[in-house]
Amino acid sequence: MRRARYLSQGTHEGQCVVYWMSRDQRTQDNWALWYAQQEAEKRQQPLLVVFHLEKSFLHAQDWHFSFLCQGLQEVEQTLFQLNIPFLLSRGTIQDHLIPLLKQLRPSLVVTDFDPLRIKREWKLIVSQAIPVSMIEVDTHNIVPCWIASDKQEFGARTLRPKIHRLLSEFLTDIPQIHSHPYRFSTILPPNEWPHLALLPPLSPTPGEKAAWEAFLTFFSNGIHRYAQDKNLPLANATSRLSAYFHFGQLSPQRVAYEISQSETISLENKNTFLEELIIRRELSDNFVFYQKNYDNWDGIPAWAKRSLNKHRDDPRPFLYTLETLESAQTHDPLWNACQKSMKKTGYLHGYLRMYWAKKILEWSLSPEEAIEKAIYLNDHYFLDGRDPNGYTGILWSIGGLHDRPFSERPIIGQIRPMTASGCERKFSTRAFIDWVEYLPEL
DNA sequence: ATCGGCTCGCGCAA
DNA sequence: TGCGCGAAGCCGAT
């Protein structure tokens with residue numbers, strides 16, 4: 001299967017196949033888990049799923065952590081019914097995951113693909129510490145990241161034809177896993193769920209079942225207005241699936257496949273949505289995978305650096321500390337509403353995320369500082385934070401990444417401008433501000 | 001409501 | 001070497 005590739009070659013002696021679930025936390029529509037089951041059946045061996053909860057994994061909010069854990073408890077229950085044990089490893093890679101894997105004596109370790117540096121480092125460490133073959137499967141992108149392109153792409157326009165050429169091969173239905181025929185006989189350590197998992201119900205509801213419900217809601221409603229209304233924050237035309245994608249509780253390929261097969265969705269809505277779901281998402285992964293400075297100044301294009309450098313000494317009429325930004329106390333009511341939306345709900349409409357980030361550039365002493373603040377707030381509050389989409393979106397907004405230059409302005413140079421008056425031309429900012437005010441506190 | 005100018009560089013055609 | 005065009009815009013002219 002072209003979707004799978006070796007991370008390391010090693011021995012194939014062992015008693016089971018392990019699927020190390022690192023990003024895509026679901027039991028169905030999961031190429032990596034499916035591949036692991038195929039391998040286990042070929043070997044007539046049991047299959048185990050392991051999720052490692054790193055001690056240093058910084059969850060900004062208790063409810064982000066709870067979203068993750070509640071989703072995993074659903075995974076545990078489903079896998080139990082499929083005769084596949086689920087193990088939770090808590091602590092550090094070195095002291096907990098690696099000893100656990102050694103104790104399990106796998107003949108093969110299969111894991112899912114994640115372009116983020118920290119995940120790739122973990123996989124490298126594990127593959128060097130245990131003597132078996134490790135395989136990674138990209139079940140997160142439709143066209144596997146390393147097949148779509150072998151380099152950092154300049155923009156959507158250079159990646160798009162490469163993806164489209166491969167869609168007929170990769171945008172297919174996804175085989176489902178079934179009850180596993182080989183049982184694991186060794187006594188396994190019991191899962192000990194963190195106390196946080198017992199928090200009250202969350203909004204949005206975590207887990208695969210809830211993710212599918214959310215998709216069906218969009219599929220029957222928002223998609224039919226998508227092309228026209230996607231940039232209107234109160235129109236309810238967007239999918240709002242990004243948190244489920246981030247935690248891997250819903251497969252982007254499943255969504256893309258169902259949308260593309262539908263006969264009731266207009267071609268314009270279909271193409272507009274698939275452009276965002278496939279091209280833009282996979283461009284973020286391409287950027288994070290091939291650009292090691294995906295979260296700082298060094299990752300932005302040369303023209304943008306040149307232009308921003310020219311404006312370093314421009315006077316800044318407004319300068320805000322991180323604390324002022326975080327507590328939504330700037331002079332700009334629209335920006336404050338954006339910040340309150342992300343704090344109250346862990347979500348902000350995509351169009352306003354760009355406005356939000358661009359203002360931080362105007363209100364900071366340097367672009368470096370702006371990137372740092374935006375990433376801190378993004379990762380701290382968004383339920384879909386710490387995701388390639390977030391880093392790419394922030395560098396697009398502040399650093400002209402994947403974008404073109406525009407006529408020069410103070411402070412922002414040739415970075416594409418966005419203004420409150422521009423937003424006002426497109427929708428009622430007052431209505432958005434009022435709507436945020438009445439959102440319940442979490 | 002719609003249009004053009006603003007501005008840089010990649011990728012492809014010549 | 002030249003040319004088309006690009007991820008979400010802005011502003012002013014018509």
Side-chain angles (χ1 to χ4, degrees), chain A residues 148-165 222 225-235 237-240 242 252 268-288 290-291 294 299-311 332 334-335 338 341 347-362 374 378 384 387-427 429 432:
Chain A
S149 172
D150 60 1
K151 60 166 194 193
Q152 184 189 332
E153 291 294 331
F154 183 77
R157 131 180 87 96
T158 60
L159 181 65
R160 190 178 296 111
K162 299 183 181 183
I163 299 267
H164 278 292
R165 268 201 296 277
R225 292 175 287 121
Y226 191 77
Q228 209 183 0
D229 293 349
K230 71 186 169 81
N231 287 341
L232 306 178
L234 296 179
T238 54
S239 69
R240 296 199 56 161
S242 59
E268 193 195 4
N269 284 325
K270 215 181 249 196
N271 290 342
T272 308
F273 181 71
L274 291 180
E275 166 77 12
E276 301 219 356
L277 177 64
I278 304 175
I279 305 300
R280 271 173 33 193
R281 247 185 99 261
E282 307 208 356
L283 184 61
S284 316
D285 268 36
N286 170 276
F287 176 66
V288 168
Y290 289 112
Q291 172 55 257
Y294 60 79
I300 71 176
W303 66 264
K305 281 185 192 167
R306 220 165 39 230
S307 183
L308 287 167
N309 278 337
K310 224 172 116 183
H311 292 271
D332 176 355
L334 177 58
W335 194 93
C338 293
S341 170
Y347 172 80
L348 176 61
H349 189 280
Y351 187 79
L352 284 171
R353 291 191 191 205
M354 305 304 145
Y355 175 78
W356 171 86
K358 283 175 183 290
K359 291 299 129 182
I360 298 178
L361 171 61
E362 292 180 36
N378 181 84
D384 57 357
D387 188 282
N389 285 317
Y391 303 118
T392 307
I394 285 168
L395 290 198
W396 179 86
S397 305
I398 298 179
L401 173 70
H402 300 150
D403 204 10
R404 60 174 165 151
F406 283 78
S407 47
E408 213 155 339
R409 290 180 171 228
I411 308 174
I412 65 170
Q414 294 170 304
I415 302 296
R416 180 192 298 255
M418 279 179 87
T419 60
S421 55
C423 291
E424 190 59 56
R425 272 197 296 274
K426 295 176 178 69
F427 57 89
T429 57
F432 176 74

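Predicted model, so just to flag it, every value in this text is computed and none were measured. Chain letters run A, B, ... following the sequence lines, proteins first and then strands; every chain starts at 1.
- Among the atoms of the strands shown, only primed sugar atoms or phosphate atoms (P, OP1, OP2) are found under 4.0 Å from some heavy atom of A/K151.
- Listed for the A/K162 side chain is no donor-acceptor partner under 3.5 Å among the backbone atoms of A/A148.
- Residue A/W396 is in base contact, counting any heavy-atom pair closer than 4.0 Å across all strands shown.
- Atom CG in A/L348 sits about 18 Å away from atom P in C/dA8, given to the nearest Å.
- Judged by distance alone, the side chain of A/D229 and the main-chain N or O of A/A237 form no donor-acceptor pair under 3.5 Å.
- Under the 3.5 Å distance criterion, the side-chain polar atoms of A/N309 are matched with a main-chain donor or acceptor of A/K305.
- A salt bridge (charged side-chain N to carboxylate O under 4.0 Å, His left out) with A/E275 is found for one member of A/R160, A/K230, A/R157, A/K270 and no other, namely A/R160.
- Here B/dC10 presents its P atom at 13 Å from NE2 of A/H402, a figure rounded to the nearest Å.
- Atom C1' of nucleotide C/dA8 and atom CG of A/D229 are separated by 15 Å, given to the nearest angstrom.
- For B/dT2, the paired nucleotide is C/dA13, the pair qualifying as Watson-Crick or G-U wobble because both relevant distances are below 3.5 Å.
- With rounding to whole Å, A/R409 atom CZ is found 13 Å from B/dT7 atom C1'.
- Without hydrogens or angle criteria, A/Y355 side chain to A/C338 main chain gives no donor-acceptor distance under 3.5 Å.
- C/dC11 and B/dT7 have their C1' atoms separated by 16 Å, with the value rounded to a whole Å.
- Listed nucleotides: B/dC10, C/dA8, C/dC11. Nearest to the side chain of A/M354: C/dA8.
- Between A/R280 atom CZ and C/dA7 atom P there is a gap of 10 Å when expressed in whole angstrom units.
- Taking atom P on both nucleotides, C/dA7 is separated from B/dA1 by 27 Å, rounded to a whole Å.
- Within the 4.0 angstrom heavy-atom criterion, no nucleotide atom of any strand lies near A/R281.
- In this structure, A/L283 atom CG and C/dG6 atom C1' are separated by 12 Å, rounded to whole Å.
- Whole-Å rounding puts the A/R404 CZ to C/dC10 P distance at 13 Å.
- For A/S421 and C/dC11, the shortest distance from a side-chain N or O to OP1 or OP2 is below 4.0 Å.
- When distances are taken from the side chain of A/S407 to each of B/dC8, B/dC6, C/dA8, the shortest belongs to B/dC6.
- Using a 4.0 Å heavy-atom criterion, one finds that A/R353 contacts no nucleic acid atom at all.
- Dashed line: the shortest gap from a side-chain N or O of A/R425 to OP1 or OP2 of B/dT2 is not under 4.0 Å.
- Proximity of a side-chain donor or acceptor of A/S397 to a complementary backbone N or O of A/A357 within less than 3.5 Å is not detected.
- Protein atom CZ of A/R157 is 10 Å distant from nucleotide atom P of B/dC12, rounded to whole Å.
- Applying the 4.0 Å criterion to OP1 and OP2 of B/dC6, one finds that A/Q414 has every side-chain N and O outside that range.
- At the phosphate of C/dG9, OP1 or OP2 sits under 4.0 Å from a side-chain N or O atom of A/K426.
- Judged by Watson-Crick or G-U wobble contacts below 3.5 Å, the nucleotide B/dC10 has C/dG4 as its partner.
- Judged by distance alone, with hydrogens and angles left aside, the side-chain atoms of A/R225 form a donor-acceptor pair with the main-chain N or O of A/A235 at under 3.5 Å.
- The side chain of A/Y351 contributes an N or O atom lying less than 4.0 Å from OP1 or OP2 of C/dG9.
- Comparing B/dC8, C/dA7, C/dA8 by their nearest atom to the side chain of A/R416 picks out C/dA8.
- Among the atoms of the strands shown, base atoms are found under 4.0 Å from some heavy atom of A/F406.
- Nearest to the side-chain atoms of A/T158 among the listed nucleotides B/dG11, C/dG9, B/dC8 stands B/dG11.
- Annotation: B/dA14 and C/dG4 have their P atoms spaced 12 Å apart (nearest Å).
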